[in-house]
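Notes follow once the structure below has been shown.
Please read these numbers as outputs of a predicted model, since none were measured by experiment.
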Amino acid sequence: MITKSKLKVRSSRALKHQIAMAGLTTKRLAESVDITASYASNIINGKANPGPTTALKIALELSKRLNENMGVNDIFFDVAVKKNATLNFIEPEEVS
């Protein structure tokens, strides 16, 4: 078994506030990070756990629009998910 990191939203309420403050809708956020609006909604509401790459894209988009230095760890926390197949895993870069 191989473990691939998945990330869960720390606070749906806080993330919704950050998205609104950034002047985005769920649909516009989804488009800017290249995911479906449905998947974005599920992430925001804590019903789906994005991988590191998607989480990083969300953090970078919010950081850019809010002019704040937000990292993945400010929005998400790790949960482990076991996978049966080998996966290509991309380590997210730290947002500086």
Side-chain angles (χ1 to χ4, degrees):
M1 293 278 211
I2 294 178
T3 301
K4 180 178 179 185
S5 203
K6 288 283 188 171
L7 303 163
K8 187 163 181 65
V9 171
R10 289 186 180 276
S11 168
S12 291
R13 184 176 175 184
L15 181 54
K16 288 175 187 177
H17 178 74
Q18 290 167 331
I19 292 167
M21 293 300 295
L24 293 169
T25 62
T26 300
K27 183 178 178 180
R28 296 239 341 179
L29 175 65
E31 289 170 354
S32 68
V33 298
D34 199 29
I35 59 176
T36 66
S38 176
Y39 183 47
S41 178
N42 286 336
I43 292 169
I44 293 163
N45 291 306
K47 295 178 183 176
N49 301 327
T53 302
T54 300
L56 180 61
K57 288 179 182 180
I58 291 169
L60 290 173
E61 184 64 24
L62 291 174
S63 289
K64 178 178 76 174
R65 291 186 179 258
L66 294 171
N67 293 321
E68 292 182 19
N69 188 13
M70 266 194 286
V72 171
N73 293 333
D74 295 324
I75 302 170
F76 300 96
F77 65 89
D78 289 323
V79 293
V81 177
K82 293 182 180 176
K83 297 288 182 182
N84 289 324
T86 302
L87 300 170
N88 291 330
F89 182 74
I90 301 170
E91 287 289 334
E93 296 177 17
E94 285 294 316
V95 178
S96 40

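Here Lys27 pairs with nothing under the side chain to side chain donor-acceptor pair (under 3.5 Å) rule; sequence neighbours left out.
Each of Asn49, Ile75, Thr54 was compared with Ile43 under the side chain to side chain contact (heavy atoms under 4.5 Å, CB included) criterion, and only Thr54 meets it.
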Table please: side-chain donor-acceptor pairs of residues 16-23 below 3.5 Å, with sequence neighbours left out.
residue : atom : partner : partner atom : Å
Lys16   : NZ   : Asn45   : OD1          : 3.0

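Between Ala40 and Ala30 the shortest heavy-atom distance is CB-CB, 3.8 Å. Heavy atoms only, all atoms of each residue included: Tyr39 and Thr36 are closest at N-OG1, 3.0 Å. Ser12 approaches Gly46 most closely through the heavy-atom pair OG-N, 3.7 Å.
Residue pairs meeting the salt bridge (Lys or Arg N to Asp or Glu O under 4.0 Å) criterion with at least one member in residues 49-62, sequence neighbours excluded, are Glu61-Lys64, Glu61-Arg65.
A donor-acceptor contact shorter than 3.5 Å is absent between the side chain of Ser63 and the backbone of Asn69.
Side-chain contact between Phe76 and Pro52: absent, with no pair of heavy atoms (C-beta onward) separated by less than 4.5 Å.
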